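Note that this is a predicted model, so its numbers are computed, not measured. Numbering of ligands and ligand atoms starts at 1, following listing order.
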Amino acid sequence: MRRRVLLRAALGAMGGALAGRLMAAPAPGLADERPGIARGTSLEFSYDSAVTGRRRKASVYLPPGYSAQQRYPVLYLLHGIGGNQDEWRGYVRAHIILDNLLADGAVVPMIVVMPNGRALADDRVPPAEQTFTAEHIAGFAQFERDLLQELIPAIDRSYPTLAQRGSRAIAGLSMGGGQALNFGLGHPETFAWVGGFSAAPNTRPPAELLPEPAAARRLRLLYLSCGRKDNLLGVSQALHDYLQRHGVAHAWHVDEFGHDRESWAENLARFARLLFR
Ligand code: FER
């Protein structure tokens with residue numbers, strides 16, 4: 001019973017934000033197409049998954065000037081609870097942000113993989129009233145195996161990647177931010193760069209995420225952000241407090257935004273600038 005009440009409360013709180021994602025105007029500047037600059041390429045990637053028993057899709061961004069003769073680090077970028085593999089492009093305009101940063105020489109050329117983080121046989125975005133069902137929440141947790149056992153190996157077979165932890169990053173927004181923290185901190189052998197933007201309550205409690213705080217020294221970057229107006233700020237704040245108490249170095253950025261693309265555009269840019277250096 002309690003669970004159902006909590007889910008309904010969460011749905012009520014999030015309904016506005018999810019609807020808002022379709023309506024809000026793009027962030028000025030950062031995510032605006034700049035004329036005359038070189039553009040990256042966006043592709044649909046598909047892979048077989050023994051985890052869902054289906055063929056699954058991911059959106060892949062190749063940087064401008066991409067060449068199969070070079071090798072690239074990879075950023076895995078995870079969407080929110082109401083999104084899919086198109087949310088970072090369609091809602092945040094991640095590809096435009098990356099093009100702009102690359103034109104300024106502000107980021108290392110990288111491949112960006114935007115998966116569908118709902119590892120279910122039916123991984124379509126559910127109707128709004130089913131967003132918070134136990135089955136759908138479980139799909140986001142199950143994505144850990146799909147990512148590690150299926151998607152990453154498939155990407156490393158298909159593209160000229162630098163296939164080691166020091167050249168692999170994971171970040172996400174909201175539900176995907178929780179996934180990125182859970183999977184990234186849980187698998188230091190796979191990821192050295194981890195970012196959670198507006199991480200949702202699917203984030204494991206701090207003492208479970210990092211039971212041995214000293215282990216975080218293996219990370220090259222742990223990045224946390226959230227908007228001051230975001231109802232989920234407490235999740236990130238609790239992790240920040242724990243990290244501070246245990247002397248774990250991390251980036252912490254609280255901005256003036258809410259649970260929205262302005263915050264995610266800004267923090268994608270801040271995070272990307274720090275990667276792979
Ligand atoms: C919750 C509130 C919000 C929750 C998830 C979210 C798992 C995710 C929001 C988003 O991805 O935008 O209680 O529980």
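Close N/O approach between Leu173 and ligand 1 is not found [any backbone or side-chain N/O within under 3.5 Å]. For ligand 1, the polar-atom distance check finds an N/O of Ile81 within less than 3.5 Å of one of the ligand's N/O atoms. Between His259 and ligand 1, at least one pair of N/O atoms sits closer than 3.5 Å.
Sorted by first then second residue, the side chain to side chain donor-acceptor pair (under 3.5 Å) pairs that include residues 212-224, not counting sequence neighbours, are Tyr223-Asn267.
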Starting from the C-alpha separation in whole Å, work towards a yes-or-no answer on salt bridge (Lys or Arg N to Asp or Glu O under 4.0 Å) for Arg39 and Asp99.
-> CA-CA 6 Å; Arg39 307 220 163 273; Asp99 287 346; 3.4 Å; yes
Evaluate the salt bridge (Lys or Arg N to Asp or Glu O under 4.0 Å) criterion for residues Glu144 and Arg204: first the C-alpha distance (whole Å), next the side-chain angles of each, then the deciding distance (0.1 Å), finally the verdict.
-> CA-CA 13 Å; Glu144 180 164 9; Arg204 292 182 189 130; 3.2 Å; yes
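Nearest heavy atoms, Ala251 versus Leu221: CB-CD1, 4.4 Å.
Atoms of ligand 1 found under 4.0 Å from any heavy atom of Gly80, numbered from 1 in the order shown, are 11 (O). Residue Ala200 has at least one heavy-atom neighbour below 4.0 Å for each of these atoms of ligand 1: 5 (C), 6 (C), 8 (C).
Distances from ligand 1 to the non-hydrogen atoms of His79 include no value under 4.0 Å. In this structure, Phe132 has a heavy atom closer than 4.0 Å to ligand 1.
The option from Ala141, Pro201, Gly177 that lies nearest to atom 4 (C) of ligand 1, judged by heavy atoms, is Pro201.
Using the six-membered ring where Trp is involved, Tyr242 and His246 have ring planes that are tilted, between 30° and 60° apart.
For Tyr72 and Tyr66, the distance between ring centers is under 6.0 angstrom.
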